[in-house]
Amino acid sequence: MPVYALVDVNSFYASAERLFRPDLVGRPVVVLSNNDGCIVARSAEAKALGVPMGEPYFRVRDCLRAAGAAVFSSNYALYADLSSRVMRTLEALAPAVEIYSIDEAFLDLTGLDTLTDTERFGQEVRARIRGDVGLPVCVGIGPTKTLAKLANHAAKQDPERHGVACLRDPAARARALRATPVNAVWGVGQRLADRLAELGVHTAEDLANLSPRRIRQHFPVTLARTAEELRGCACHDLESEPAPRQQIVCSRTFGTPVRDEPALREAVADYAVRAAERLRETGQHAAALSVFLRTDPHRTAEPQHMPTATRRLTIATDDTRDLLAVALRIAEELWRPGHAYIKAGVMLGELQAPGISGDLFADDAARARSADLMQAVDAINRRHGRAAVTYGVQRRGRAEWRMRRDYLSPAYTTRWTDLPVVG
DNA sequence: TCTGGGGTCCTAGGACCC
DNA sequence: TCTGGGGTCCTAGGACCC
């Protein structure tokens with residue numbers, strides 16, 4: 001029987017901020033989304049204040065201030081660096097690791113025979129990550145990924161478990177299923193939970209007991225698999241090789257609404273350049289590009305416009321200049337005067353390995369020059385910062401559309417000048 | 001009173017995840 | 001005044017084909 005573990009950093013972003021600010025231990029800490037819009041991470045103290053996940057910041061600002069909470073803008077450079085340290089530690093501890101998200105990984109523990117071994121392993125993972133990286137994690141263990149997830153949830157809920165829960169034992173599993181509301185099951189969101197409630201399904205146990213036929217009468221096949229996994233039959237394998245990306249999206253809400261075309265072009269250009277950089281990191285080429293614009297749906301009195309348009313490229317490419325030209329052409333077509341846009345985005349699709357869309361007239365020499373140029377630009381920007389080499393339309397001014405990050409912490413681990421000083 | 005049927009491909013929209 | 005960003009998968013429905 002397979003054994004999976006799910007390791008997950010507790011309140012990752014909040015814990016990351018606190019790592020370099022020991023003065024914040026015991027104080028509520030929250031981290032905001034891009035543009036300082038919503039709450040995306042809360043320390044245990046902040047959760048205890050009743051601050052909901054995803055809540056717009058302005059609604060809880062007063063409450064947080066009164067409680068003496070520390071508030072941070074998202075510092076992705078810091079989180080990405082700490083994440084890779086956590087993952088490297090896990091890779092040293094387990095034979096196979098699937099990096100599931102920035103703060104979570106599945107481990108394949110098949111071969112750890114006894115239940116005592118499994119518990120001990122969970123505690124060792126906690127101790128190692130605490131010691132090597134300094135972050136708190138919880139470990140959930142079970143015969144399927146869905147049960148490992150559920151175990152992780154149980155470990156977080158119940159302090160008695162000291163951060164590790166193992167559901168290999170059938171009796172322990174039955175107790176955990178009974179105690180878990182169905183919307184806390186991996187793959188069951190609020191929509192499905194509401195519809196399940198109409199059938200009298202309220203807990204993970206209820207879902208596990210629902211017959212596959214009954215599920216398929218009302219729900220998609222994904223839910224049938226979830227129920228199967230809750231019963232202990234694995235439908236999802238560990239995927240240690242990441243699947244090739246299918247699309248790349250770069251979009252942002254603007255710091256302030258954009259009403260003029262030059263500012264919009266500048267923003268779209270910036271997103272296209274970043275999307276192209278990320279495309280080259282994957283080693284793929286894109287054969288389709290979409291641009292979308294959005295006005296603010298919350299301002300119902302203002303005219304709304306949420307267009308999107310897609311172009312197929314005759315030749316798949318990873319050259320920023322090609323992608324930028326297409327993106328700007330689409331943006332120009334979409335833009336309508338008299339609207340206050342609050343968001344735009346560039347999406348690359350039909351990603352594929354380079355050179356598979358054979359074009360009879362492709363100029364190999366030109367392609368090679370393009371690859372050399374892109375490589376050079378990427379190398380310079382990696383070394384000297386993203387704004388070292390830019391394209392004319394990006395302008396890099398202090399444009400009003402750039403996002404707000406009023407509470408940004410230093411780049412403690414990725415910039416020499418921000419290195420914390422001890423003593 | 002009237003109807004073909006089955007396969008494939010594409011797209012949009014909805015649901016989920018962190 | 002202030003409401004994130006980046007992904008995946010599934011399904012239904014339409015177009016098209018034989």
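Below, chain A is the first sequence line, B the second, and so on; all start at residue 1. Computed from a prediction, not measured in an experiment: that's the story for all the values here.
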Return no unless some side-chain N or O of A:Ser251 is found under 4.0 Å from OP1 or OP2 of C:dG6.
-> yes

Does a side-chain N or O from A:Arg278 land closer than 4.0 Å to OP1 or OP2 of C:dG6, or not?
-> yes

Length of the CZ-C1' vector between A:Arg312 and B:dT11, whole Å | 10 Å

Length of the CD-P vector between A:Gln304 and C:dT3, whole Å | 13 Å

Whole-Å P distance, C:dT3 and B:dC17 | 25 Å

To the nearest Å, give me how far apart CD1 (A:Ile248) and P (C:dT8) are.
-> 9 Å

Would you say the base of C:dC2 and the side-chain of A:Arg59 have a donor-acceptor pair closer than 3.5 Å?
-> no

Is the charged tip of A:Arg61 near the ring of A:Tyr57: under 6.0 Å from the six-membered ring centre and within 45° of its axis?
-> yes

C:dC2 phosphate, OP1 or OP2, under 4.0 Å from A:Arg299 side-chain N/O | yes

Does A:Arg252 have a side-chain nitrogen or oxygen under 4.0 Å from the phosphate oxygens OP1 or OP2 of C:dG6?
-> yes

Could you give the CD1-to-C1' distance, from A:Ile39 to C:dC2, as a whole number of Å?
-> 12 Å

So, for A:Phe106 and A:Tyr100, is the gap between ring centers shorter than 6.0 Å?
-> yes

A:Glu160 atom CD: more than 12 heavy-atom contacts under 6.0 Å | no

Under a 4.0 Å heavy-atom cutoff, the residues of residues 219-226 of chain A touching DNA chain C are A:Pro220, A:Val221, A:Thr222, A:Arg225

May I ask you to evaluate whether A:Lys343 reaches the phosphate of C:dT3, defined as a side-chain N or O under 4.0 Å from OP1 or OP2?
-> no

May I have the distance from A:Lys145 (atom NZ) to C:dC9 (atom C1'), rounded to whole angstrom?
-> 14 Å

Using the C1' atoms of the five pairs at each end, what is the angle between the end axes of the helix from B:dG5-C:dC18 to B:dC18-C:dG5, to 10°?
-> 10°

Could you state the atom-to-atom distance from OH of A:Tyr79 to C1' of C:dG4 in whole Å?
-> 13 Å

In A:Arg336, A:Gln304, A:Glu302, the residue satisfying side chain to side chain donor-acceptor pair (under 3.5 Å) with A:Thr295 is A:Gln304

Assign the ring pair A:Tyr76 / A:Tyr13 to parallel, tilted or perpendicular, where the plane angle (0 to 90°) is split at 30° and 60°.
-> perpendicular

How does protein contact run along nucleotides 13-18 of chain B, one letter per nucleotide 5' to 3', with B for base contact, S for sugar-phosphate only, - for none, heavy atoms under 4.0 Å?
-> --SSSS

In whole angstrom, give the distance that lies between atom OH of A:Tyr13 and atom P of C:dG5.
-> 13 Å

